[in-house]
Amino acid sequence: QSCFICYKMGASITCCQTGCDRTFHLPCAPDGQCVTQYFGAYRSFCWEHSPQQTLQPRPSQDNTCTICLDAVEDKVSYKTMACPVCQDARFHRQCIQRLALHAGIGFRCPCCLNQEPFMMEMLTMGIRLSKR
């Protein structure tokens with residue numbers, strides 16, 4: 001199979017959406033804004049069918065990542081995520097992924113410290129947790 005992101009052969013991951021035949025390599029997934037869910041059935045989605053956060057963060061004057069303090073977009077997207085509980089915490093996907101790998105089972109919102117709904121939302125959005 002040819003990867004729809006890098007166009008090289010050997011792609012083995014197919015989008016889970018019925019009728020979608022896009023395939024890609026796991027390392028190419030972030031470049032193509034694909035989401036892989038690392039729990040349950042380990043499903044993967046192409047950019048068009050990937051899950052989206054349904055919330056829109058409250059308008060704020062402070063459009064900074066809660067983790068790195070650099071600027072983020074003023075709306076949620078593939079690269080900018082928000083806490084589903086407090087809706088005040090915004091962060092880059094890469095920042096929250098690094099935090100998740102370091103925090104392991106203690107992973108929680110860095111702003112409101114909520115754990116369960118926050119963790120489930122992040123897992124659904126393709127954030128991988130360390131099992132350490």
Side-chain angles (χ1 to χ4, degrees):
Q1 295 278 357
S2 175
C3 176
F4 85 98
I5 300 162
C6 72
Y7 304 108
K8 294 180 182 174
M9 296 302 290
S12 58
I13 299 175
T14 303
C15 178
C16 284
Q17 180 69 32
T18 305
C20 182
D21 60 352
R22 289 187 180 106
T23 56
F24 50 94
H25 302 107
L26 186 59
C28 295
D31 292 337
Q33 297 188 358
C34 302
V35 168
T36 299
Q37 296 174 336
Y38 295 94
F39 68 99
Y42 287 84
R43 301 181 318 159
S44 294
F45 301 91
C46 69
W47 63 270
E48 187 176 7
H49 301 114
S50 65
Q52 306 292 318
Q53 285 193 285
T54 55
L55 61 100
Q56 287 299 323
R58 293 182 208 132
S60 170
Q61 303 286 33
D62 186 20
N63 287 338
T64 59
C65 175
T66 304
I67 300 166
C68 74
L69 304 177
D70 283 343
V72 293
E73 298 175 30
D74 60 350
K75 61 181 176 33
V76 293
S77 66
Y78 177 80
K79 293 181 180 182
T80 301
M81 303 173 77
C83 175
V85 180
C86 68
Q87 298 185 13
D88 288 330
R90 300 176 192 180
F91 25 79
H92 300 108
R93 177 177 286 272
Q94 291 177 330
C95 292
I96 200 66
Q97 179 60 77
R98 275 194 312 271
L99 180 65
L101 290 174
H102 290 290
I105 60 171
F107 181 54
R108 59 187 66 228
C109 173
C111 189
C112 70
L113 303 179
N114 182 280
Q115 188 171 25
E116 191 60 32
F118 175 77
M119 187 184 310
M120 287 312 301
E121 176 87 0
M122 294 300 111
L123 287 170
T124 300
M125 297 306 300
I127 300 300
R128 188 169 45 102
L129 291 177
S130 172
K131 294 186 180 180
R132 295 186 273 147

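In this chain, numbering begins with 1 at the start of the sequence shown.
For the atom pair NZ (Lys79) and NE2 (His92), the distance works out to 9.5 Å, reported to the nearest 0.5 Å. Here Cys16 contributes atom SG and His49 contributes atom NE2; the two are 11.5 Å apart, rounded to the nearest 0.5 Å. Interatomic distance, Ile127 CD1 to Thr124 OG1, rounded to the nearest 0.5 Å: 11.0 Å. With rounding to the nearest 0.5 angstrom, the SG atom of Cys15 is 8.0 Å from the CZ atom of Phe4.
Annotation: side chain of Thr14 is not in contact with side chain of Gln1 (no heavy-atom distance under 4.5 Å). The shortest distance between side-chain heavy atoms of Asp70 and Cys95 does not fall below 4.5 Å. Within the 4.5 Å cutoff, side-chain heavy atoms of Cys86 are placed close to those of Cys109. Between Ile67 and Ile96 the shortest side-chain heavy-atom distance falls below 4.5 Å. Taking the side chain as every heavy atom from C-beta outward, Arg90 and Asn63 approach each other to under 4.5 Å. Side-chain atoms of Gln37 and Pro51, non-hydrogen and from C-beta on, do get closer than 4.5 Å to each other. Looking only at side-chain heavy atoms (C-beta outward), Arg22 and Gln17 stay at 4.5 Å or farther from each other. Here the side chains of Pro117 and Met120 are not in contact, with every heavy-atom distance at 4.5 Å or above.
Using a 30° and 60° split on the angle between ring planes, Phe107 and Phe118 fall in the tilted class, from 30° to 60°.
No side-chain donor-acceptor contact under 3.5 Å links His102 to the backbone of Ser130. Distance alone, capped at 3.5 Å, is enough to place a donor-acceptor pair between the Arg108 side chain and the Leu113 backbone. Formation of a donor-acceptor pair under 3.5 Å by the Gln115 side chain with backbone atoms of Ile105 is found in this model.
No side-chain donor-acceptor contact under 3.5 Å links Ser50 and Glu48.
Looking at residues two or more places apart in sequence or on another chain, you find a side chain to side chain contact (heavy atoms under 4.5 Å, CB included) between Ser2 and Met9.
Residues Ala89 and Thr66 come closest through the heavy atom pair CA-OG1, 3.5 Å. Between Ile5 and Cys34 the shortest heavy-atom distance is CD1-SG, 3.8 Å. The two residues Gln53 and Ala82 make their nearest non-hydrogen contact at NE2-O, 2.7 Å. Closest approach of Thr36 and Ser44 over heavy atoms only: OG1-OG, 3.1 Å.
Connection of Met125 to Phe39 is established within a shared hydrophobic cluster, with ILVMFWY side chains joined at heavy-atom distances below 4.5 Å, either directly or through further cluster members. In the hydrophobic clustering of this structure, Phe91 groups with Leu123; members are Ile, Leu, Val, Met, Phe, Trp, Tyr whose side-chain heavy atoms approach within less than 4.5 Å, directly or through other members. Using a 4.5 Å cut-off between side-chain heavy atoms of Ile, Leu, Val, Met, Phe, Trp and Tyr, with links allowed through other members, Leu99 and Met81 fall into the same hydrophobic cluster. Note: the hydrophobic cluster containing Tyr38 also contains Ile13 (ILVMFWY, side chain heavy atoms under 4.5 Å, direct or indirect links). If you chain together hydrophobic residues whose side chains sit under 4.5 Å apart, Tyr42 and Leu26 fall into the same group.
With Tyr78 as the aromatic partner, Arg93 meets the cation-pi criteria of under 6.0 angstrom to the ring centre and within 45 degrees of the ring axis.
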